[in-house]
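Encoded as structure tokens, the structure appears first; notes follow it.
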Amino acid sequence: MNNILIIEDDPDIREVIRLLLENDGYTVAEATNGIDGLQLLTKDTDLVILDIMMPGMSGLKTCEKLRQHSTVPVLFLTARVQESDKLLGLMAGETVRKLG
């Protein structure tokens, strides 16, 4: 696992994550929203770090669209703590597979 895509709208959070990962030898691509993140996703992407609460396309919707053509692991980054939010995150990609 070398290539990580960060999709996060907060520039400070994105920068800290990028610096930590690059210091550990990872190649990092960055997007500020879900639409740009989906465009940066390639077959070489090994992990996506995805913010749930973004303007425009939410992280959950981004994950649903991502799952239409990729099985890359997704690590959700969020301040939400409700059990229902966790369940929605776990199910975001699964719904597309069941319907498809």
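Small disclaimer: the values here were computed from a predicted structure and weren't measured. Residue numbers run from 1 in the order of the sequence given.
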Side-chain donor-acceptor distances from residues 23-32 under 3.5 Å, at least two apart:
unit_1	atom_1	unit_2	atom_2	d
Asn23	ND2	Leu19	O	3.2
Glu30	OE1	Arg14	NE	3.1
Glu30	OE2	Arg18	NE	2.9

task: Measure across Leu50 and Gly59 and return the closest heavy-atom pair with its distance rounded to 0.1 Å.
output: CD2-O, 3.2 Å
N/O donor-acceptor pairs under 3.5 Å from side chains in residues 3-13, not counting sequence neighbours:
unit_1	atom_1	unit_2	atom_2	d
Asn3	ND2	Asp44	O	3.0
Glu8	OE2	Asp10	N	2.8
Asp10	OD1	Asp12	N	2.8
Asp10	OD1	Ile13	N	3.1

task: Find out if a path of hydrophobic residues (ILVMFWY) with successive side-chain heavy-atom gaps under 4.5 Å connects Ile35 to Leu60.
output: yes
Flag side-chain contact, heavy atom, 4.5 Å: Val72 against Asp46: no
query: Linking I/L/V/M/F/W/Y whenever any side-chain heavy atoms sit under 4.5 Å apart, do Ile52 and Val16 land together?
result: no
query: Nearest 0.5 Å, what's the CG-CG distance between Asp51 and Asn33?
result: 11.0 Å
message: Does this structure show an ion pair linking Lys61 with Glu64, if we count only N-O contacts that are shorter than 4.0 Å?
response: yes
- prompt: Given Leu75 and Val48, is the side-chain contact (heavy atoms from CB on, under 4.5 Å) satisfied, shown in steps?
  reply: CA-CA 6 Å; Leu75 177 65; Val48 175; over 6 Å; no
query: Taking Ser58 for the side chain and Met54 for the main chain, is one N or O donor matched with an acceptor at less than 3.5 Å?
result: no
- request: State whether the side chain of Ser70 and the backbone N or O of Arg67 hold a donor-acceptor pair below 3.5 Å, judged by distance alone.
  value: no
message: I'd like to know if Met53 and Phe76 are part of one continuous hydrophobic network [Ile/Leu/Val/Met/Phe/Trp/Tyr, side-chain heavy atoms within less than 4.5 Å].
response: yes
statement: Distance col, row Gln39:CD vs Thr42:OG1, nearest 0.5 angstrom, shows 13.0 Å
task: Apply side-chain contact (heavy atoms from CB on, under 4.5 Å) to Val74 and Leu47, showing your working.
output: CA-CA 6 Å; Val74 175; Leu47 175 68; over 6 Å; no
- request: Would you kindly confirm whether Leu40 and Met57 end up in one hydrophobic cluster when ILVMFWY residues are joined by side chain heavy atoms under 4.5 Å apart?
  value: yes
